[in-house]
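One structure is given here, and the rest of the page talks about it.
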Amino acid sequence: MSNLAILISGRGSNLGAIVRAIDEGRLRARIAVVISNRSDASGLELARARGIPTAVLPHRDYESRQAFDAALVATLRSHDVRLVCLAGFMRQIGPTFCDAFPMAILNIHPSLLPAFPGLDAQRVALEHGAKVTGATVHFVTPELDAGPIVMQTAVPVEEGDTVESLSARILVQEHRLYPEAIRRVLEDEWRIVGRRVVFGPAPARV
Ligand code: GRF
């Protein structure tokens, strides 16, 4: 059983979706720890109610991003974590963290990357006039929202959509996509070719 860590900063609905997938047997994994950089993240309550260990590491307590990253890595190591899942974690992570978990950190982003990286992706897509947006699960590298893409799902933008209505429809898809992407990363064969995540057995060497 693989140990996951879920890193959150807010409500934790993707955390909830991962918990449900485990409960329903769609994902064979164990959440070893939920970590938040904010003590008021409501997702922490969800974790505590389930008896999942939690840790709060307020980023302001650290003198640099590197020191914050090092504290995160130490916490993750103490829980023997194999795969780190960022789920609404609102801090960019640096090389110290990425190097400690190479191709073992996932993030979910509410757009079809590389379109609309960064904050407020649903609002930016709407304002841009995109007809289709969606959600992306990708590996995390130090460059924001730019690591190799694991899975994506498209969500059409409807006439009359507001940021709220569009975000809500994307979120439904996020909750389906993230547990499935975690399952594939844990259970399927895959490799990185260039910047592509290629699923399936590696070609035989001659
Ligand atoms: C989601 O929209 C996710 O794509 C983005 O932050 C939001 C987190 O929501 N990275 P929640 O905390 O999982 O409800």
Side-chain angles (χ1 to χ4, degrees), residues 4-23 26-27 29 31 33-50 52 54-59 72 83-94 97-98 105-128 130 132-157 161-185:
L4 306 179
I6 317 292
L7 271 56
I8 63 170
S9 298
R11 74 190 153 180
S13 73
N14 278 287
L15 164 65
I18 295 164
V19 168
R20 271 196 306 283
I22 293 173
D23 284 352
R26 285 180 284 125
L27 178 59
I31 302 177
V33 63
V34 170
I35 304 176
S36 176
N37 62 315
R38 296 182 57 111
S39 59
D40 60 352
S42 50
L44 286 170
E45 292 308 317
L46 192 154
R48 290 184 188 122
R50 297 293 308 234
I52 299 169
T54 60
V56 176
L57 275 67
H59 55 274
L72 284 171
L83 185 66
V84 181
C85 305
L86 311 186
F89 186 64
M90 301 304 285
R91 303 302 301 172
Q92 202 180 335
I93 64 176
F97 191 165
C98 293
I105 310 170
L106 294 176
N107 181 44
I108 187 154
H109 182 78
S111 77
L112 289 178
L113 291 171
F116 313 123
L119 289 176
D120 287 336
Q122 304 95 326
R123 182 180 57 73
V124 181
L126 199 58
E127 287 176 0
H128 190 87
V132 179
T133 183
T136 301
V137 176
H138 63 94
F139 284 110
V140 173
T141 57
E143 199 187 339
L144 183 66
D145 296 334
I149 291 169
V150 178
M151 287 181 80
Q152 293 185 300
T153 194
V155 175
V157 180
D161 252 338
T162 61
V163 175
E164 291 71 29
S165 63
L166 179 60
S167 301
R169 285 206 316 290
I170 294 173
L171 196 62
V172 171
Q173 295 306 318
E174 290 185 37
H175 294 167
R176 192 188 53 74
L177 187 70
Y178 209 179
E180 175 62 9
I182 295 168
R183 188 196 66 72
R184 293 196 74 181
V185 167

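Keep in mind that the numbers below use all heavy atoms, side chains included, and drop hydrogens, waters and symmetry copies. Both counts, for ligands and for their atoms, begin at 1 and track the order of listing.
- Protein heavy atom in closest approach to atom 6 (O) of ligand 1: Gly88 CA, 3.5 Å.
- For the ligand labelled ligand 1, residue Ile108 lies inside the 4.0 Å heavy-atom shell.
- Ranking the protein heavy atoms by distance from atom 1 (C) of ligand 1 puts Glu174 OE1, 3.1 Å first.
- Ranking protein heavy atoms by distance to atom 9 (O) of ligand 1, first place goes to Arg11 NH2, 3.3 Å.
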The test is side chain to side chain donor-acceptor pair (under 3.5 Å); show your working for Arg91 and Ser9 and say whether it passes.
CA-CA 8 Å; Arg91 303 302 301 172; Ser9 298; over 6 Å; no

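- For ligand 1, the polar-atom distance check finds an N/O of Ser13 within less than 3.5 Å of one of the ligand's N/O atoms.
- In this structure, Ile35 and Thr54 have side chains that are not in contact, with every pair of non-hydrogen atoms separated by 4.5 Å or more.
- Salt-bridge formation is detected for the pair Arg123/Glu127: a Lys NZ or Arg NE/NH1/NH2 atom is positioned less than 4.0 Å from an Asp or Glu carboxylate oxygen.
- In this structure, CG on Leu177 lies 8.5 Å from CD on Gln152, to the nearest 0.5 angstrom.
- The distance from atom CG of Leu44 to atom CZ of Arg11, rounded to the nearest 0.5 Å, is 14.5 Å.
- By the 3.5 Å distance cut-off applied to N or O atoms, Gly10 is not counted among the residues near ligand 1.
- Heavy atoms of Gly12 approach ligand 1 to within less than 4.0 angstrom.
- Between Gln122 and Thr133, the closest side-chain pair of non-hydrogen atoms is not below 4.5 Å.
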